[in-house]
Participant: 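Structure provided below as structure tokens; questions to follow.
All ligand and atom numbering here is 1-based and tracks the order in the structure.
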Amino acid sequence: MAELKALLFDVDGTLADTERDGHRVAFNSAFAKAGLSWQWNEALYGELLSVTGGKERIRHYLDVYNREFERPVDLDGFIASLHQSKTDFYVGLLERGEIPMRNGVRRLLDEAQASGLRLAVVTTTTPDNVTALLENGLGKGSEMMFEVIAAGDVVPAKKPAPDIYLWAMDQMNLRADQCLALEDSHNGLRSVLSAQIRSLVVTINGYTRDEDFTGASLVVDQLGETADGSNKLAGEIEPVNLIDIDLLQRVHTAAWSA
Ligand code: XBP
Ligand code: MG
């Protein structure tokens, strides 16, 4: 049984509830600025989240929901510049402090550091977004807490492909049985499990609560801030009151002795 050495954190939906009031709003601002009449409402955005990656999501929208749009000759360039504008709006939202970190994130990161666990970010979102979220949500320099930030186009195949997790573990010289992942979505779960990581804690959010989390070690509503701040939704582990390092150690042991 390998010892738990590192926690790998997803970003969107896991560190912060960024999608509905963050990314979605930024996409709409970028569309308006470009003179496009596209509007992604909350329900449509929920459907669009089936595709990870902002550029990939715009393309999927054109392929499935807006086939009548007259595509520019350089569609890749058009999507890339629209997406850059979206990133600028999104970073602006974060700089104005509009997206807080989720409950228990700061606490768990502090506990993990104190107990000597190594930390990484593993996400499909753009690196600038990660920097802005961490700096504004956890304070200047907080990025340094993470040994590796695996983000965006560093691998061509985004989640649910395993590539971003494999890339992060390779950078850290770690094996799957030394890592525990924290995710919020089915696509994230598929990426983790395909990378052969068996210890997986899912914290659901509004968009992901009804997704299939078969294969997760533990599904909870949140990491929790106080002693009984976390409620278990699925998983064999007992008892679950708060997601702390002791609990994550138990999750890891159970996952690899099953
Ligand atoms: C979430 C995503 C991202 C964001 C938008 O990924 O799929 O695409 O919605 O970010 P994760 P970008 O949960 O793995 O962090 O527009 O920068 O892609
Ligand atoms: Mg996520």
Side-chain angles (χ1 to χ4, degrees), residues 7-31 34 38 40 42 44-61 76 79-94 99 101-102 105 120-134 137 146 148-168 181-195 197 200-209 211-213 216 219-220 222-223:
L7 304 185
L8 312 182
F9 283 86
D10 169 52
V11 174
D12 294 300
T14 302
L15 292 184
D17 226 333
T18 52
E19 295 291 6
R20 192 190 62 189
D21 302 326
H23 290 294
R24 185 184 69 87
V25 172
F27 278 112
N28 284 330
S29 300
F31 301 155
W38 312 349
W40 288 359
E42 290 178 22
L44 171 61
Y45 195 67
E47 293 176 29
L48 293 170
L49 281 173
S50 66
V51 172
T52 64
K55 294 190 285 292
E56 293 81 354
R57 191 167 298 143
I58 293 170
R59 188 180 297 272
H60 173 70
Y61 167 73
D76 287 353
I79 290 176
S81 85
L82 197 53
H83 186 253
Q84 180 57 55
S85 163
K86 176 259 165 178
T87 299
D88 296 341
F89 278 112
Y90 181 71
V91 167
L93 278 170
L94 293 171
I99 315 278
M101 303 303 272
R102 288 191 70 179
V105 166
V121 156
V122 185
T123 176
T124 68
T125 205
T126 305
D128 285 351
N129 297 346
V130 181
T131 305
L133 180 74
L134 295 176
F146 298 93
V148 165
I149 304 234
D153 298 325
V154 69
V155 292
K158 293 184 175 166
K159 298 176 189 176
D163 304 37
I164 194 75
Y165 276 98
L166 297 175
W167 189 88
L182 295 105
E183 277 281 356
D184 72 301
S185 71
H186 176 69
N187 277 329
L189 167 140
R190 285 172 61 195
S191 180
V192 169
L193 297 181
S194 333
I197 297 169
L200 167 61
V201 174
V202 173
T203 48
I204 59 150
N205 62 56
Y207 272 131
T208 66
R209 63 175 71 250
E211 292 183 356
D212 179 6
F213 292 119
V219 183
V220 291
Q222 57 179 307
L223 297 176

Participant: I'd like to know whether ligand 1 has Lys55 as a neighbour, heavy-atom separation below 4.0 Å.
Facilitator: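 The answer is no: ligand 1 sits nowhere under 4.0 Å from a heavy atom of Lys55.
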Participant: Looking only at atom types and distance, does a side-chain atom of Thr208 sit under 3.5 Å from a main-chain N or O of Asp184, one as donor and one as acceptor?
Facilitator: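 Indeed, once roles are kept as given, a pair shorter than 3.5 Å links the two residues.
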Participant: Taking the six-membered ring for Trp and the full ring for Phe, Tyr or His, determine whether the centres of Trp38 and Phe27 are under 6.0 Å apart.
Facilitator: no
Participant: Below 4.0 Å, non-hydrogen atoms only: which portion of Asp10 touches ligand 1? Side chain, backbone, both or neither.
Facilitator: side chain
Participant: Report the part of Phe9 in contact with ligand 1, treating N, CA, C, O as backbone and CB onward as side chain, heavy atoms under 4.0 Å; options are side chain, backbone, both, neither.
Facilitator: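 Looking at Phe9 and ligand 1, no heavy atom falls under 4.0 Å.
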Participant: Taking only heavy atoms of Lys86 into account, list the atoms of ligand 1 that are under 4.0 Å away from them.
Facilitator: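 In order of numbering, the contacting atoms are 5 (C), 10 (O), 12 (P), 16 (O), 17 (O).
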Participant: What protein heavy atom sits nearest atom 6 (O) of ligand 1, and how far away is it?
Facilitator: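 Looking at atom 6 (O) of ligand 1, the protein heavy atom closest to it is Thr124 OG1, 2.7 Å.
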Participant: Would you check if the side chain of Arg102 reaches a backbone N or O of Gln222 as a donor-acceptor pair within less than 3.5 Å?
Facilitator: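 No, Arg102 side chain to Gln222 backbone: no donor-acceptor pair under 3.5 Å.
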Participant: About how large, to 10 degrees, is the angle OD1 of Asp184, then the Mg ion (ligand 2), then OD2 of Asp10?
Facilitator: 80°
Participant: Under 4.0 angstrom from ligand 1, any heavy atom of Lys158?
Facilitator: no
Participant: Any sub-3.5 Å donor-acceptor pair from Arg209's side-chain atoms to Ile204's backbone N or O?
Facilitator: no
Participant: Look at ligand 1 and say whether Glu183 reaches it with a heavy atom at a distance under 4.0 Å.
Facilitator: no
Participant: To which protein heavy atom is atom 10 (O) of ligand 1 closest, and what is the distance rounded to 0.1 Å?
Facilitator: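 The answer is Thr125 OG1, 2.7 Å.
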Participant: Purely on distance, is any nitrogen or oxygen of Thr87 under 3.5 Å from one on ligand 1?
Facilitator: no
Participant: Could you check atom 15 (O) of ligand 1 against the protein and tell me its nearest heavy-atom contact, residue, atom and distance included?
Facilitator: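 Of every protein heavy atom, Thr123 OG1, 2.4 Å lies nearest to atom 15 (O) of ligand 1.
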Participant: Below the 3.5 angstrom mark, is there an N/O of Thr126, backbone or side chain, next to an N/O of ligand 1?
Facilitator: yes
Participant: Quick one: nearest non-hydrogen protein atom to atom 7 (O) of ligand 1, plus distance?
Facilitator: Arg57 NH2, 2.9 Å
Participant: Is there a donor-acceptor pair under 3.5 Å between the side chain of Thr131 and the backbone N or O of Pro127?
Facilitator: yes
Participant: Is there a polar contact, in the sense of an N or O pair closer than 3.5 Å, between Asn129 and ligand 1?
Facilitator: yes
Participant: Can you confirm if the aromatic rings of Phe213 and His186 lie within a centre distance of less than 6.0 Å?
Facilitator: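 Not close enough - the centres of the two rings lie 6.0 Å or further apart.
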Participant: Has the side chain of Ser85 got a donor or acceptor atom that lies under 3.5 Å from a matching backbone atom of Ser81?
Facilitator: no
Participant: Indicate yes or no for a side-chain donor-acceptor contact from Asn187 to the backbone of Pro160 under 3.5 Å, with no hydrogens or angles considered.
Facilitator: no
Participant: Is it the case that the side chains of Asp12 and Thr18 hold a donor-acceptor pair, with the cut-off being a distance below 3.5 Å and no angle test?
Facilitator: yes
Participant: Look at atom 18 (O) of ligand 1 and say which protein heavy atom is nearest, naming residue and atom and giving the distance to 0.1 Å.
Facilitator: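 Scanning the protein heavy atoms, the shortest distance from atom 18 (O) of ligand 1 goes to Gly54 N, 2.6 Å.
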Participant: Restricting to N, O or S, what is the name of the atom of Asp12 that lies nearest the Mg ion (ligand 2)?
Facilitator: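 The closest N, O or S atom of Asp12 to the Mg ion (ligand 2) is O.
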Participant: Checking Thr124 side chain against Lys158 main chain: does a donor-acceptor pair fall under 3.5 Å?
Facilitator: no
Participant: How does Glu19 reach ligand 1, if at all, at less than 4.0 Å between non-hydrogen atoms: by side chain, backbone, both, or neither?
Facilitator: side chain
Participant: Given 3.5 Å as the limit, does a donor-acceptor pair link the side chain of Thr126 with the main chain of Asp128, or not?
Facilitator: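 Between the backbone of Asp128 and the side chain of Thr126 there is no qualifying donor-acceptor contact (under 3.5 Å).
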Participant: For atom 1 (C) of ligand 1, what is the nearest protein heavy atom, given as residue, atom name and distance?
Facilitator: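 Of the protein heavy atoms, Asp12 OD2, 3.3 Å lies nearest.
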Participant: Among Asp10, Val11, Ile164, find the residue that satisfies the side-chain contact (heavy atoms from CB on, under 4.5 Å) test when tested with Val122.
Facilitator: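 Filter result, single survivor: Ile164.
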Participant: Does Gly53 have a heavy atom less than 4.0 Å from any atom of ligand 1?
Facilitator: yes
